[in-house]
Amino acid sequence: MGVTAKIAPSMLSSDFANLASEAQRMLDCGADWLHMDIMDGHFVPNLTLGAPVIKSLRKHTKAYLDCHLMVTNPLDYVEPLGDAGASGFTFHVEVSKENWQELVKKVKSKGMKPGVALRPGTPIEEVYPLVEGENPVEMVLVMTVEPGFGGQKFMPETMEKVCVLRAKYPSLDIEVDGGLGPSTIDMAASAGANCIVAGSSVFGSPEPAQVILHMRKSVEEVQSSS
Ligand code: DX5
Ligand code: ZN
């Protein structure tokens with residue numbers, strides 16, 4: 001049984017001054033989720049948005065808001081993001097070794113879907129306990145660039161982690177993020193990724209709907225033959 005394709009444009013590449021209309025434009029182009037990059041200027045050297053922006057956006061859309069927490073203290077963000085209307089809450093394993101169980105529990109109690117992300121240099125084994133725990137995460141985000149900025153080059157060497165994960169967990173949502181677009185999607189899809197984040201390739205295209213469709217087809221082809 002395959003998993004479903006979820007194409008998630010990264011709103012980091014959108015015009016932040018027009019976030020609501022940019023979100024709607026992506027949904028009209030066929031996006032399944034909206035990927036929201038939350039950075040604290042500490043875990044990564046960039047500062048983006050937080051719960052107040054999610055709360056404002058939520059007033060304009062019912063879409064699934066896939067929040068990627070690039071922050072040093074994810075626990076501090078659970079309640080405000082849950083109250084703001086976030087849908088997914090994906091924290092980084094590198095900063096959650098001590099408290100991931102508490103984090104997952106709280107994320108679920110706020111009605112959000114818990115996910116765990118890992119940097120390109122972090123070994124995949126580090127997420128196994130979180131996927132296999134009695135209160136498990138429901139998605140693993142394999143970063144395909146160093147987190148922090150949009151527009152970076154896809155790192156093909158991260159695909160090995162996706163392959164290993166897919167072989168081990170056939171029905172897990174596996175997300176990839178960074179440098180995804182028409183020229184890299186086949187590598188990610190054939191490795192087994194089904195949730196695809198893409199910023200610059202979608203927002204930088206004159207035909208974003210075509211880019212989204214291309215990526216969806218690539219994932220669906222692989223999943224229907226698995
Ligand atoms: C990077 C972010 C990504 C980023 C992806 O730290 O997590 O979501 O916006 O952008 P592209 O698709 O341009 O690499
Ligand atoms: Zn992201």
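Whatever order the structure lists ligands and atoms in, that order sets their numbers, starting from 1. None of the values given here were measured: they were computed from a predicted structure.
In terms of N/O distances under 3.5 Å, ligand 1 is not approached by Met70. At a 3.5 angstrom cut-off on N or O pairs, Ser10 counts as close to ligand 1. In terms of N/O distances under 3.5 Å, ligand 1 is not approached by Glu146.
Atom ND1 is the N, O or S atom of His68 at the shortest distance from the Zn ion (ligand 2). Within Asp177, OD2 is the N, O or S atom that lies nearest to the Zn ion (ligand 2).
Between Ser87 and Arg58, the side chains place a donor N or O and an acceptor N or O closer than 3.5 Å (distance only, hydrogens not considered). In this structure, a donor-acceptor pair under 3.5 Å is absent between the side chains of Arg25 and Asn18. For the 3.5 Å distance criterion, the side chains of Asp177 and Thr144 fail to qualify, holding no donor opposite an acceptor.
Annotation: atom 14 (O) of ligand 1 to nearest protein heavy atom, Gly179 N, 2.8 Å. Looking only at heavy atoms of the protein, atom 10 (O) of ligand 1 is closest to Gly150 CA, 3.6 Å. Among protein heavy atoms, the minimum distance from atom 1 (C) of ligand 1 is reached at Phe149 O, 3.5 Å. The closest protein non-hydrogen atom to atom 6 (O) of ligand 1 is Gly148 N, 2.7 Å. Looking only at heavy atoms of the protein, atom 12 (O) of ligand 1 is closest to Gly199 N, 2.7 Å.
His35 contributes NE2 and Asp37 contributes OD1; the angle these two atoms make at the Zn ion (ligand 2) is 90°, rounded to 10°.
Judged by the 6.0 Å distance and 45° axis criteria, Lys110 is not positioned over the aromatic ring of Phe89.
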Legend entry - Pair His68-Asp66, side-chain hydrogen bond (donor to acceptor under 3.5 Å, both in side chains): steps then yes or no: CA-CA 7 Å; His68 175 195; Asp66 175 39; over 6 Å; no
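Among Asp177, Val202, Leu180, the residue whose heavy atom lies nearest to atom 8 (O) of ligand 1 is Asp177.
Arg216 has no carboxylate O lying under 4.0 Å from a charged side-chain N of Glu221, or vice versa, which leaves the two without a salt bridge.
Using a 30° and 60° split on the angle between ring planes, Trp33 and Tyr64 fall in the parallel class, below 30°.
Of the heavy atoms in Ser200, both backbone and side-chain atoms come closer than 4.0 Å to ligand 1.
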